[in-house]
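After the structure tokens below, expect a handful of questions from me.
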Amino acid sequence: MTCYDLHSHSIASDGSLTPTALVGRAIEQGVDVLALTDHDGTEGIAEAKQAAEKQAIKLISGVEISVTWKNKTVHILGLNIDETNSALQQGLAEMREFRIERAQLIAERLAKAGIDGALEGAQQFASDVMLGRVHFAQFLVKNGYAKDVNEVFKKYLVRNKPGYVPGKWASLEDAVSWINAAGGQALIAHPARYKLTATKLRYLTSEFKELGGVGLEVVSGRQHPEEVKTLARVAEKMDMYVSCGSDFHSPDNQWVELGKLTALPQNTQPIWQLWQ
Ligand code: AMP
Ligand code: MN
Ligand code: MN
Ligand code: MN
């Protein structure tokens with residue numbers, strides 16, 4: 001059976017592997033079709049494509065766009081995109097600008113909490129294309145403010161904590177329209193992670209569908225089997241495609257591995273049906 005992993009990150013966002021190393025690891029893990037879906041940017045795709053060329057793996061161009069929806073951050077995957085599309089790239093460029101502004105604010109807030117040099121510190125962990133909260137977390141761990149990245153998020157980077165800055169990301173409408181302009185398919189990433197009630201999830205999904213979104217990521221790395229079933233049912237009821245992806249970021253996370261995913265439930269329509 002073909003192994004699909006349609007959600008992964010490289011150093012072009014907050015992953016720890018280069019696109020080449022990521023593709024190499026995916027091949028080792030038996031992945032046949034891999035999507036690189038870095039946050040709010042596509043800078044890793046050219047290298048990943050090159051690494052996949054003449055290898056026993058197919059690389060799907062993707063992106064994971066941060067969206068603010070009803071005061072919550074929601075992630076939208078764009079799969080099978082033409083990453084050279086100018087509407088998409090213009091949108092993503094604005095998001096990168098917001099990331100720079102936000103990073104400055106995070107650093108200012110951390111300075112007020114007695115932690116100096118966080119901006120420069122975080123930059124040391126980031127490539128020059130994207131700065132995210134994970135890079136701040138890595139700086140804070142290195143300097144002994146917390147034992148691991150997870151603890152930094154809890155202590156510093158989430159709502160009501162000293163380094164928190166609210167996201168002002170793309171609208172749902174914009175994210176879907178950029179992905180569609182680039183010829184790709186828009187899917188709601190890891191829908192179970194937003195702590196939405198069943199009603200709100202259906203509300204988000206129907207709004208998303210009206211805007212031109214086509215699918216739900218029903219299987220995500222480290223997900224409870226019950227959640228998979230629930231999401232598959234939502235997808236079926238709302239006539240949406242489904243997808244599966246590990247959301248791999250780093251070999252340091254022993255719980256998430258490329259290609260290690262539960263099977264999509266029967267009676268679902270995998271997004272790759274559109275690619276044949
Ligand atoms: P950003 O888009 O810069 O706000 O960062 C969001 C990223 O931070 C997510 O994609 C995850 O990679 C990471 N992240 C979010 N929450 C946590 C957490 N509790 N522990 C570890 N990493 C997290
Ligand atoms: Mn991430
Ligand atoms: Mn995400
Ligand atoms: Mn992701």
Side-chain angles (χ1 to χ4, degrees), residues 5-17 22 34-44 60 62-69 71-79 92 94-107 109-110 118-119 122-123 125-127 129-141 145-161 163-170 175 186-195 216-217 219-223 243-258 261:
D5 187 336
L6 301 179
H7 188 152
S8 69
H9 296 272
S10 75
I11 52 165
S13 65
D14 54 11
S16 69
L17 299 182
L22 182 79
L34 174 74
L36 176 60
T37 54
D38 276 311
H39 298 287
D40 308 323
T42 59
E43 290 86 348
I60 300 288
V63 66
E64 182 176 18
I65 301 181
S66 312
V67 158
T68 302
W69 183 78
N71 277 322
K72 270 187 173 280
T73 298
V74 169
H75 287 170
I76 301 299
L77 287 176
L79 294 180
L92 296 179
E94 277 174 39
M95 303 200 59
R96 292 308 178 86
E97 251 168 64
F98 170 69
R99 282 189 172 276
I100 294 166
E101 287 166 30
R102 183 187 68 157
Q104 280 156 353
L105 289 174
I106 292 174
R109 292 197 186 171
L110 288 174
L119 185 58
Q123 271 160 345
F125 289 94
S127 67
V129 292
M130 184 270 197
L131 204 49
R133 281 187 292 169
V134 167
H135 305 118
F136 281 93
Q138 288 164 335
F139 162 75
L140 289 167
V141 171
Y145 290 101
K147 68 176 189 322
D148 58 26
V149 165
N150 210 8
E151 192 181 272
V152 182
F153 269 85
K154 280 194 206 136
K155 276 170 74 175
Y156 293 101
L157 299 178
V158 294
R159 206 167 287 202
N160 301 321
K161 300 295 165 172
Y164 176 69
V165 176
K168 272 191 282 173
W169 303 114
L187 301 97
I188 301 175
H190 42 64
R193 235 187 274 168
Y194 311 122
K195 302 192 177 94
L216 299 181
E217 188 181 50
V219 170
S220 177
R222 256 209 120 184
Q223 193 167 25
S243 172
C244 57
S246 61
D247 202 5
F248 179 89
H249 280 72
S250 161
D252 296 342
N253 182 348
Q254 60 181 119
W255 305 109
V256 174
E257 183 53 85
L258 288 162
L261 291 163

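The first residue of the sequence shown is numbered 1, and numbering continues consecutively from there. Just follow the structure's listing: the first ligand is 1, and inside any ligand the first atom is 1.
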* **ligand 1-proximal atoms of Met130, by part, heavy-atom distance under 4.0 Å** => neither
* To do: With the side chain counted from C-beta on, respond yes when Glu43 and Arg96 share a heavy-atom pair under 4.5 Å apart, and no when they do not.
  =>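 In contact.
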* Answer yes or no for His249: is there an N/O/S atom below the 2.8 Å cut-off from the Mn ion (ligand 4)? =>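 Within the cut-off used here (under 2.8 Å), His249 places no N, O or S atom near the Mn ion (ligand 4).
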* Structure fact -> The atom name of the N, O or S atom in Asp247 nearest to the Mn ion (ligand 4) is OD1
* **Check: Ala170 main-chain N/O paired with Ser66 side-chain donor or acceptor under 3.5 Å** =>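 It does not hold such a pair.
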* **Closest non-hydrogen atom pair between His9 and Leu22, with its separation** => O-CD1, 3.6 Å
* Backbone or side-chain N or O of Ser66 under 3.5 Å from ligand 1 N or O ->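 It does not: no N or O of Ser66 is found under 3.5 Å from an N or O of ligand 1.
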* Main-chain N/O of Trp169 paired to Thr68 side chain as donor or acceptor, under 3.5 Å ->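 Side chain of Thr68 to backbone of Trp169, a donor-acceptor pair under 3.5 Å: yes, one is there.
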* Asked: Taking N or O atoms only and a 3.5 Å limit, does Trp169 qualify as a polar contact for ligand 1?
  ->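 No, since none of the N or O atoms of Trp169 sits under 3.5 Å from an N or O of ligand 1.
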* Structure fact -> Among non-hydrogen protein atoms, atom 22 (N) of ligand 1 lies closest to Phe153 CE1, 3.4 Å
* Atoms of ligand 1 less than 4.0 Å from Arg99 heavy atoms? ->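 Near Arg99, the atoms of ligand 1 are 1 (P), 2 (O), 3 (O).
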* Structure fact -> For Asp14, the N, O or S atom at the shortest distance from the Mn ion (ligand 2) is OD2
* Asked: In terms of atom number and element, which parts of ligand 1 are under 4.0 angstrom from non-hydrogen atoms of Gly132?
  ->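 Counting atoms of ligand 1 from 1, those under 4.0 Å from Gly132 are 3 (O).
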* Asked: Looking at side-chain heavy atoms only, is the closest gap between Asp40 and Ser13 below 4.5 Å?
  -> no
* Which is it for His249 and ligand 1 at heavy atoms under 4.0 Å: side chain, backbone, both or neither? ->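 Near ligand 1, His249 shows its side chain, while the N, CA, C and O stay back.
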* Can you tell me how far the CG atom of Leu79 sits from the CG atom of Leu36, to the nearest 0.5 Å? -> 11.0 Å
* Asked: So, for Glu217 and Pro191, which heavy atoms are closest and what is the spacing to 0.1 Å?
  -> O-CD, 3.0 Å
* Asked: With a 4.0 Å heavy-atom cut-off (strictly under), which part of Asp14 contacts ligand 1: side chain, backbone, both or neither?
  ->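 Contact part for Asp14 vs ligand 1: side chain (C-beta onward).
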* Determine the minimum heavy-atom distance between Phe125 and His135, stating which atoms define it. =>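 That would be O-CD2, 3.4 Å.
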* To do: Specify side chain, backbone, both or neither for His39, according to which of its non-hydrogen atoms lie closer than 4.0 Å to ligand 1.
  => side chain
* To do: Supply the atom-to-atom distance Asp252 CG to Gln138 CD, rounded to the nearest 0.5 angstrom.
  =>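 These two atoms lie 8.5 Å from each other.
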* How is the N/O/S atom of His7 that comes nearest to the Mn ion (ligand 4) named? ->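 For His7, the N/O/S atom sitting closest to the Mn ion (ligand 4) is NE2.
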* Asked: Looking only at heavy atoms, is any part of Val134 under 4.0 Å from ligand 1, and if so is it the side chain, the backbone, or both, or is it neither?
  ->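 Only the side chain of Val134 comes within reach of ligand 1.
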* Asked: So which of the N, O or S atoms of His39 lies nearest the Mn ion (ligand 2)?
  -> NE2
* What closest approach, in Å, do Lys72 and Tyr194 show between heavy atoms, and which atom pair accounts for it? ->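 For Lys72 and Tyr194, the tightest heavy-atom pair comes out as NZ-O, 2.8 Å.
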* 4.0 Å heavy-atom contact, Arg102 with ligand 1 -> yes
* **Stepwise side chain to side chain contact (heavy atoms under 4.5 Å, CB included) test for Asp38 and Met130** => CA-CA 10 Å; Asp38 276 311; Met130 184 270 197; over 6 Å; no
* Asked: Which of the atoms of ligand 1 are close to Asn150, meaning less than 4.0 Å from one of its heavy atoms?
  -> 18 (C), 19 (N), 20 (N)
* Taking side chain as C-beta onward, heavy atoms only, is Tyr164 less than 4.5 Å from Ile106? -> no
* Look at atom 6 (C) of ligand 1 and say which protein heavy atom is nearest, naming residue and atom and giving the distance to 0.1 Å. =>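 Among all protein heavy atoms, the one nearest atom 6 (C) of ligand 1 is Arg133 NH2, 3.8 Å.
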* Could you pull out the atom name of the N/O/S atom in Glu64 that is nearest the Mn ion (ligand 4)? =>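 For Glu64, the N/O/S atom sitting closest to the Mn ion (ligand 4) is OE1.
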